[in-house]
Amino acid sequence: MVIPTRNEAGNVEELERQLDSALGGVDYEVVVVDDSNDDVTRPALRAAAVRNPRWRVIERGQRDQTGLASAVVAGIDAARGMAVCVMDGDLQHPPAIVPQLLATISAGADLAVASRYMRGGSRAGLDGTLRNLVSRSCTWLAQGVFPEARRTSDPLSGFFCCRRAAIKGLELKPRGFKILLELLVCAPRLRVANVPFVFAARHAGESKASTRQGILFLGHLASLFVYVPGGAGPLKFAMVTLAGLAVFASLLYGLVHAGVHPLLAWLTGTAASAACTLALLQLAPFRELGRHGEPDGKRLYYAAASVSAVTSFAVFAILLVPGKHHLFLGAAVGQACGLLLTLTVNQPPVWRRLARMLRLVPRLDIDALARRLGAQEGFWITDHGDLSDPRLNLIGGVVTREMVATASRHQQPALFVERKSARPQARLNIETSSAIVVPSVDESGEVSAVAVFVRTSRSPFESRHLDEAIKWMASHGRLSPVIAESQVVA
Ligand code: GDD
Ligand code: MN
């Protein structure tokens with residue numbers, strides 16, 4: 001349990017009591033991250049940590065008191081459990097809900113959000129119509145800008161629980177109050193589930209929410225938009241497209257009125273708008289748009305854009321035949337066709353298939369790699385959460401499910417070699433089992449599958465084989481550069 005507090009003395013004892021009764025059968029710890037500046041909260045928290053061995057308090061000095069969200073990040077860093085639950089320290093988040101959040105994680109979710117905005121939930125304790133209205137519109141704004149935030153009905157909730165391994169390594173830079181939104185946007189692959197809850201009234205003390213928090217929230221939205229390259233994709237796409245269209249339309253209009261031939265005006269407009277789009281795609285916030293996360297996605301994006309430009313030109317040229325009257329209607333229809341084409345190709349399932357058809361993305365042929373490595377067997381394990389793949393039993397005891405799970409969790413390629421005979425005189429003609437395990441990482445940086453290679457022979461795999469497997473995977477864009485540089489030999 002990670003609990004941020006600031007001047008919550010009156011709530012400490014009741015919180016301790018309610019957590020204790022709610023989490024009867026659970027092995028848990030409480031990490032309080034305290035930024036209090038009154039004289040009573042720190043003594044109250046220290047007393048709790050003394051009488052209750054489950055409680056730990058991190059007292060942040062004045063310089064580190066950078067807000068609720070950073071307190072939560074500090075708490076998550078200090079937490080040790082399999083799951084981390086974040087909740088307020090004023091009992092507006094009822095501890096009785098925590099077991100349901102944990103059950104949701106056990107059932108397979110990476111992130112369980114306690115939601116006020118769904119059937120069974122409410123915000124009874126949110127005081128004032130104004131505060132309600134602000135809360136609701138901030139939620140809509142966040143969800144409007146970031147489709148990532150639509151995975152839950154309450155992206156601004158401060159009450160949630162996540163599987164710790166699923167968020168390991170995430171670099172969070174939250175401002176203000178909204179740590180959950182940060183998680184949703186920075187980890188778009190997390191499986192999210194909602195649990196309804198009633199936002200209660202404060203037990204004691206007063207709220208620290210203020211107009212300043214509202215301004216920080218807008219700043220946080222802007223920072224996520226600018227600095228998370230893959231975030232808010234549709235809005236970024238719309239912005240780049242609209243900018244290109246504006247350049248195109250104004251040039252077409254201006255040139256035609258100046259007496260330039262429509263076809264020439266069209267070509268000039270298209271060239272200028274393509275230049276504008278290309279320039280925008282060089283800017284950090286928009287870079288991911290043309291990239292699709294894969295090294296070869298970019299080539300396809302530009303090919304698709306060129307095809308759509310030619311198509312829209314053809315449509316325009318044909319519609320132009322009846323005469324000048326149809327000029328702008330023709331231009332609109334032509335551009336719409338081009339846009340529609342780009343939009344279709346931009347769907348990940350479509351471009352992935354196209355890229356494969358056009359052989360832009362070389363397929364990682366696991367059998368070919370197995371042959372190169374001299375492995376008897378090479379295969380993918382895709383469902384490494386389950387690890388019930390029967391082939392894992394065939395590896396002669398060198399690789400266990402746990403090893404695959406560990407390699408996958410740490411995103412760490414590894415080489416396993418069976419221990420040589422411990423007898424004083426080891427036979428040289430005895431076969432040794434060895435295995436190479438390489439997690440494959442998809443565009444969001446998460447492990448999507450684990451490649452396993454097995455060799456049982458008198459000369460087992462050596463670290464140069466591991467190097468080769470890593471290089472091969474990296475050249476197919478299946479490893480992040482960080483991973484390609486690190487390896488484990490066991
Ligand atoms: N460490 C630390 N530092 N804790 C803080 C700080 C801070 O600067 N500011 C607030 N807290 C703690 C409070 O002590 C409390 O335990 C919790 O964070 C929530 O703060 P409140 O002041 O009670 O905020 P709220 O109830 O108005 O806002 C809550 O509801 C929102 C939904 O309407 C929070 O849970 C928000 O995260 C949530 O979005
Ligand atoms: Mn509160």
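Counting convention: from 1, in listed order, for ligands and their atoms alike. Numbers for residues simply follow the sequence, beginning at 1.
For the pair R116 and ligand 1, a heavy-atom separation below 4.0 Å is found.
At a cut-off of 2.8 Å, S207 does not coordinate the Mn ion (ligand 2) through any N, O or S atom. The Mn ion (ligand 2) does not have D88 among its coordinating residues (no N/O/S atom, backbone or side chain, under 2.8 Å).
For A71, no nitrogen or oxygen atom sits less than 3.5 Å from a nitrogen or oxygen atom of ligand 1, counting backbone and side chain alike. Looking at ligand 1, you won't find any N or O of E206 less than 3.5 Å from one of its N or O atoms. Looking at E8 next to ligand 1, an N or O pair under 3.5 Å apart turns up. Checked by distance only, ligand 1 and T5 come closer than 3.5 Å through their nitrogen or oxygen atoms.
Taking atom 35 (O) of ligand 1 as the reference point, the nearest protein heavy-atom neighbour is D88 OD2, 2.4 Å. For atom 18 (O) of ligand 1, the closest non-hydrogen atom of the protein is L68 CD1, 3.1 Å. Closest to atom 3 (N) of ligand 1 among all protein heavy atoms lies D35 OD2, 2.7 Å. Closest protein heavy atom to atom 30 (O) of ligand 1: F199 CZ, 3.5 Å.
The shortest distance between side-chain heavy atoms of D34 and R60 does not fall below 4.5 Å.
For atom 28 (O) of ligand 1, the nearest non-hydrogen atom from the set R131, Q213, K208 comes from R131.
When heavy-atom distances to ligand 1 are checked against a 4.0 Å cut-off, H93 comes that close only through its side chain, counted from C-beta outward. Heavy atoms of R202 found under 4.0 angstrom from ligand 1 belong exclusively to the side chain. Neither the backbone nor the side chain of R60 has any atom closer than 4.0 Å to an atom of ligand 1 (non-hydrogen atoms only).
Seen from the ring of F217, R212 does not count as a face-on cation partner, given the 6.0 Å and 45° thresholds. A cation-pi arrangement is absent between R123 and F199, since the terminal nitrogen or guanidinium carbon is not both under 6.0 Å from the aromatic centre and inside a 45° cone about the axis.
In this structure, R54 does not pair ionically with E16, as no charged nitrogen and carboxylate oxygen lie closer than 4.0 Å. For the pair E206 and R6, the salt-bridge criterion is not met [side-chain N within less than 4.0 Å of a carboxylate O].
Between Q92 atom OE1 and D90 atom OD2, the angle centred on the Mn ion (ligand 2) amounts to 100° (nearest 10°).
Applying the 4.0 Å criterion to heavy atoms of Q92 picks out, from ligand 1, the atoms 23 (O), 26 (O).
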